[in-house]
Peer 1: 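Pasting a structure below so you can have a look.
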Amino acid sequence: MPLATILLLVGFVTVYLVELRLAPGGEDIGSNPMAEILMGGLTGSLARAGQWYRLLSSAFLHANAQHLIGNAMAMGLAGYALERIVGHAWILCIFVLGAVCGGLATIFWMPPSMVTVGASGGVMAVLGALFMTSFRLPRGHARSRAQGRAAFFGIPSLIPLHASSALHVNYAAHTGGAVFGLLIGFLLLGGWEDYSERPPYAVGATVLAAFAAFSAACSAHAVSINYGYYGPASRFFSTKDMPRRSADIVAQGETLAFNYPYDARARFYAGVAHLLKKDRPGAETELEQAIGLDDNAPGLYSRDLSNNMRILLATLKLQDGHRIEAVAVVRPFCEQADWTHEPPRLVSFVTATHLCR
C-alpha cells in the first residue's frame with residue numbers, strides 16, 4: 001500500500017479545508033495574495049527576510065480546488081508508481097526536497113513580491129524520479145506505463161503553451177522540482193545493486209524522511225505564530241476589491257481604509273484618494289499610516305508598494321518645505337543596494353532632489 005503517497009494526499013486535502021475555514025468569506029486564497037502569505041505562501045522577499053520555513057509550508061497550500069485536484073491527481077498516480085519502486089521513505093524525501101528545490105528556484109528566478117503556493121515542485125520531483133527509476137523495471141508494459149505517467153503530467157507542466165490559462169503557473173518551481181527529481185533518480189540508479197529490491201541508503205532515507213516530517217511540523221508551527229502576529233486574513237482586502245483606475249481610487253479609497261484599517265494597501269489607496277481630491281493633509285496622514293503598517297510587517301507587502309508609498313509621501317513633504325522629513329521617509333528606499341534599478345520615475349525623482357545623498 002502506498003502509505004506515504006496517501007499521507008501526502010491527506011495532508012493536501014486537510015490543509016485546503018483549513019484554508020477555506022480561515023479565508024475571508026470562505027473564498028479560495030488564490031484571489032487574496034495576503035491570505036496566501038498569512039497561511040504560509042512563499043515570496044522571495046519574506047524568505048530572504050528569514051522566513052525560510054515558507055519553502056515547505058507553501059507546498060501544502062493550493063490556490064483553489066482546481067489547483068488541488070490537478071496536483072492530487074498527478075501525485076496520486078505518479079506517487080503510487082514511484083513508491084512501489086523506491087519505498088515509503090524515499091518518496092517522502094523526494095517530495096519534500098523537490099518542494100524545497102522548487103521554492104529556491106522561485107526565489108532566485110521570480111519577482112521577490114510574487115506569492116506562490118502549491119505542491120508542484122514536490123510533484124514534479126516525484127515525476128522526474130519516477131521516469132528515471134522506472135528503468136529498474138523490466139522492459140515491457142510496467143516500465144512503459146510508469147514512463148508514460150511521468151511524461152503525461154511532467155512535460156505539459158514545463159511548457160507554458162500547454163499549461164492551463166486558469167492558473168498563474170510557477171514554471172520556476174516546476175523546473176526546479178523536475179531537475180531535482182531527475183538528478184536524484186539518476187543517482188539512485190547509479191548506486192542500486194542488481195540484487196537489491198530497493199534503492200541504496202535506506203537508513204539514510206529513513207532518517208531524512210523523519211527529519212522532513214519534523215520540518216513540516218515546525219513549518220506549520222511557524223505559520224500559526226505568524227498568522228497570530230499578522231492577524232486574521234479578514235484584515236486584508238482581496239484582489240477583486242482592488243481599485244483599477246483613478247476614478248475607482250477616489251470612489252473606494254476611503255472606504256477600503258475604513259473597512260481594512262490595518263492593511264497598508266488600503267491606507268495607501270486612501271492617501272491617493274485624498275490627494276486626488278486636493279486634500280494634502282489627509283493624504284499625508286494616510287500615507288504615514290500605510291508606511292507605519294509596512295514597517296511593522298517587514299516583507300509582507302511588495303517592494304513596489306513600499307517604494308511608491310515612500311516616494312509619494314517624500315514628494316509631499318518636499319512640496320511643504322520639510323526636506324529633513326522627506327529624507328527620513330525615503331531613507332529605506334535609498335538603503336536598498338540596487339535602488340538605481342528601480343522604475344526610472346522613482347530613480348529620477350530621488351536623483352533630481354538629492355534625497356539619497
Peer 1: Under a 4.5 Å cut-off applied to non-hydrogen side-chain atoms, are M75 and Y80 in contact?
Peer 2: no
Peer 1: Would you say N32 and T239 make side-chain contact, with heavy atoms under 4.5 Å?
Peer 2: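 Sidechains of T239 and N32: no contact.
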Peer 1: Mark yes when over 12 heavy atoms from residues, nucleotides or ligands other than I324 sit less than 6.0 Å from its CD1; otherwise mark no.
Peer 2: no
Peer 1: Run the ring-ring contact (aromatic ring centres under 6.0 Å, His included) test against F12 and tell me which residues pass, sequence neighbours left out.
Peer 2: F60, H62, F95
Peer 1: Would you mind writing out the side-chain donor-acceptor pairs for residues 201-210 within the sub-3.5 Å range, not counting sequence neighbours?
Peer 2:
| from | atom 1 | to | atom 2 | distance (Å) |
| --- | --- | --- | --- | --- |
| T206 | OG1 | A202 | O | 2.9 |

Peer 1: Taking ring-ring contact (aromatic ring centres under 6.0 Å, His included) as the definition, give me every residue that meets it alongside F211, ordered by chain and number, with sequence neighbours left out.
Peer 2: none
Peer 1: Hey, is the main chain of D304 close enough, under 3.5 Å, to the side chain of N308 for a donor-acceptor pair?
Peer 2: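 A pair under 3.5 Å: yes.
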Peer 1: Give the C-alpha distance, both sets of side-chain angles, the deciding distance and a yes or no for side chain to side chain contact (heavy atoms under 4.5 Å, CB included) between L127 and F131.
Peer 2: CA-CA 6 Å; L127 292 169; F131 180 82; over 6 Å; no
Peer 1: Can you tell me if M242 has over 12 outside heavy atoms packed within less than 6.0 Å of its CE?
Peer 2: yes
Peer 1: Give, for atom OG1 of T351 and atom NE2 of H354, the distance between the pair rounded to the nearest 0.5 Å.
Peer 2: 9.0 Å
Peer 1: Answer whether the closest heavy-atom distance between the side chains of H322 and L316 falls below 4.5 Å.
Peer 2: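 H322 vs L316: side chains apart.
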Peer 1: Keeping the roles fixed (side chain from Y227, backbone from A233), state whether a donor-acceptor pair exists under 3.5 Å.
Peer 2: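 Yes, the answer is positive, given that a donor and an acceptor are paired below the 3.5 Å cut-off.
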Peer 1: Please enumerate all residues that pass salt bridge (charged side-chain N to carboxylate O under 4.0 Å, His left out) together with D320, with sequence neighbours excluded.
Peer 2: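 So D320 forms a salt bridge (charged side-chain N to carboxylate O under 4.0 Å, His left out) with R280.
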Peer 1: Taking atom OG of S58 and atom CE of M39, what is their separation to the nearest 0.5 Å?
Peer 2: 14.0 Å
Peer 1: Which atom pair, heavy atoms only, marks the closest approach of R198 to G87?
Peer 2: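 Of all heavy-atom pairs spanning R198 and G87, the closest is NH1-N, 3.6 Å.
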Peer 1: Side chains of L188 and M132, heavy atoms from C-beta outward: is any pair under 4.5 Å?
Peer 2: no
Peer 1: Quick one: name the residues clustered hydrophobically with V347, using the 4.5 Å side-chain heavy-atom rule over I, L, V, M, F, W, Y, and just say none if it's on its own.
Peer 2: I311, L318, V327, V330, F333, W339, L346, F349, V350, L355
Peer 1: Using the rule that two of Ile, Leu, Val, Met, Phe, Trp, Tyr join whenever any of their side-chain heavy atoms come within less than 4.5 Å, decide whether F180 and F153 are in one cluster.
Peer 2: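 Yes, it is one cluster - the side chains of F180 and F153 are joined through contacts under 4.5 Å.
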Peer 1: What's the separation between atom OH in Y301 and atom CD1 in I37, rounded to the nearest 0.5 Å?
Peer 2: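 So the gap between those two atoms works out to 9.0 Å.
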Peer 1: For N296 and G292, indicate whether the former's side chain and the latter's backbone hold a donor-acceptor pair under 3.5 Å.
Peer 2: yes
Peer 1: Under 4.5 Å between any side-chain heavy atoms of F135 and R143, yes or no?
Peer 2: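 Yes - at least one pair of side-chain heavy atoms lies under 4.5 Å apart.
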Peer 1: Taking T5 for the side chain and G79 for the main chain, is one N or O donor matched with an acceptor at less than 3.5 Å?
Peer 2: yes
Peer 1: Which residues pass the salt bridge (charged side-chain N to carboxylate O under 4.0 Å, His left out) test with E36, sequence neighbours left out?
Peer 2: none
Peer 1: To the nearest 0.5 Å, tell me how far K317 NZ sits from L312 CG.
Peer 2: 11.5 Å
Peer 1: Side chain to side chain contact (heavy atoms under 4.5 Å, CB included) for N64 and H67? Distances and angles first, verdict last.
Peer 2: CA-CA 5 Å; N64 52 40; H67 192 197; 3.4 Å; yes
Peer 1: Is it the case that the side chain of S144 and the backbone of H141 share a donor-acceptor pair, with hydrogens and angles ignored and the cut-off at 3.5 Å?
Peer 2: no
Peer 1: Which pairs, with at least one residue in residues 174-196 and sequence neighbours excluded, count as a side-chain hydrogen bond (donor to acceptor under 3.5 Å, both in side chains)?
Peer 2: S120-H174
Peer 1: Would a hydrophobic clustering, with Ile, Leu, Val, Met, Phe, Trp and Tyr connected at side-chain separations under 4.5 Å, put L305 with L313?
Peer 2: yes
Peer 1: What closest approach, in Å, do R48 and P112 show between heavy atoms, and which atom pair accounts for it?
Peer 2: NH1-CB, 4.3 Å
Peer 1: Which value, rounded to the nearest 0.5 Å, describes the distance between L97 atom CG and L104 atom CG?
Peer 2: 10.5 Å
Peer 1: Can you list everything that forms a salt bridge (charged side-chain N to carboxylate O under 4.0 Å, His left out) with R245? Sequence neighbours excluded, please.
Peer 2: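 Salt bridge (charged side-chain N to carboxylate O under 4.0 Å, His left out) check on R245 returns D248.
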Peer 1: Going by an N to O cut-off under 4.0 Å, is there a salt bridge joining E288 and R267?
Peer 2: no
Peer 1: For R54, enumerate each residue passing the salt bridge (charged side-chain N to carboxylate O under 4.0 Å, His left out) test, keeping only those at least two apart in sequence or located in another chain.
Peer 2: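 Per chain and number, R54 pairs via salt bridge (charged side-chain N to carboxylate O under 4.0 Å, His left out) with no residue.
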Peer 1: Taking all non-hydrogen atoms of both residues, which atom of A283 and which atom of L275 are closest, and how far apart?
Peer 2: CB-N, 3.8 Å
Peer 1: Honestly curious: do Y16 and V18 fall in one hydrophobic cluster under the side-chain, below-4.5 Å linking rule?
Peer 2: yes
Peer 1: Can you list the residues that meet the side chain to side chain donor-acceptor pair (under 3.5 Å) rule with S302, with sequence neighbours excluded?
Peer 2: none
Peer 1: Give me the atom names and distance for the closest heavy-atom approach of M34 to L300.
Peer 2: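 Distance-wise, the nearest heavy atoms are CE-CG, 3.5 Å.
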Peer 1: CH2 of W52 to OG of S215: how many Å apart, nearest 0.5 Å?
Peer 2: 15.0 Å
Peer 1: For residues 256-263, please give each side-chain donor-acceptor pair under 3.5 Å, one per line with the distance, not counting sequence neighbours.
Peer 2:
| from | atom 1 | to | atom 2 | distance (Å) |
| --- | --- | --- | --- | --- |
| N259 | ND2 | T255 | O | 3.4 |
| D263 | OD1 | R265 | N | 3.0 |
| D263 | OD1 | R265 | NE | 3.1 |
| D263 | OD2 | F237 | N | 3.2 |
| D263 | OD2 | R265 | NE | 3.3 |
| D263 | OD2 | R265 | NH2 | 2.7 |

Peer 1: Would L42 and T106 count as a side chain to side chain contact (heavy atoms under 4.5 Å, CB included) if you check the C-alpha gap in whole Å, the side-chain angles of each, and the deciding distance to 0.1 Å?
Peer 2: CA-CA 9 Å; L42 174 67; T106 298; 4.3 Å; yes
Peer 1: What I'd like to find out is whether the side chain of H274 reaches to under 4.5 Å of the side chain of E286, using heavy atoms alone.
Peer 2: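 Touching, per the 4.5 Å side-chain cut-off.
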Peer 1: For I249 and V272, work out which heavy atoms get closest and say how close.
Peer 2: CG2-CG1, 3.8 Å
Peer 1: Considering residues, nucleotides and ligands other than E197, do more than 12 of their heavy atoms fall under 6.0 Å from its CD?
Peer 2: no
Peer 1: If the condition is side-chain contact (heavy atoms from CB on, under 4.5 Å), which residues does A4 pass it with, not counting sequence neighbours?
Peer 2: E83, H88, I91, L92
Peer 1: Would a distance-only check, ignoring hydrogens and angles, find a side-chain to backbone donor-acceptor pair under 3.5 Å from T133 to A129?
Peer 2: yes
Peer 1: Identify the heavy atoms of A105 and G176 that sit nearest to each other, and give their distance.
Peer 2: CB-CA, 4.1 Å
Peer 1: Answer yes if Y53 and I225 sit in the same cluster of Ile, Leu, Val, Met, Phe, Trp and Tyr residues linked by side chain heavy atoms under 4.5 Å apart, and no otherwise.
Peer 2: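 No, because Y53 and I225 fall into different hydrophobic clusters, even though each may have its own neighbours under 4.5 Å.
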Peer 1: Using the rule that Ile, Leu, Val, Met, Phe, Trp and Tyr join whenever any side-chain heavy atoms are under 4.5 Å apart, tell me whether L137 and L77 fall into a single cluster.
Peer 2: yes
Peer 1: Report yes or no: does S57 contribute a side-chain atom to a donor-acceptor pair with the main-chain N or O of G40 at less than 3.5 Å?
Peer 2: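 Such a contact is found between S57 side chain and G40 backbone.
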Peer 1: Do E342 and R303 come close enough that some side-chain heavy atom pair is under 4.5 Å?
Peer 2: yes
Peer 1: Is the closest side-chain heavy-atom distance between L38 and N226 below 4.5 Å?
Peer 2: no
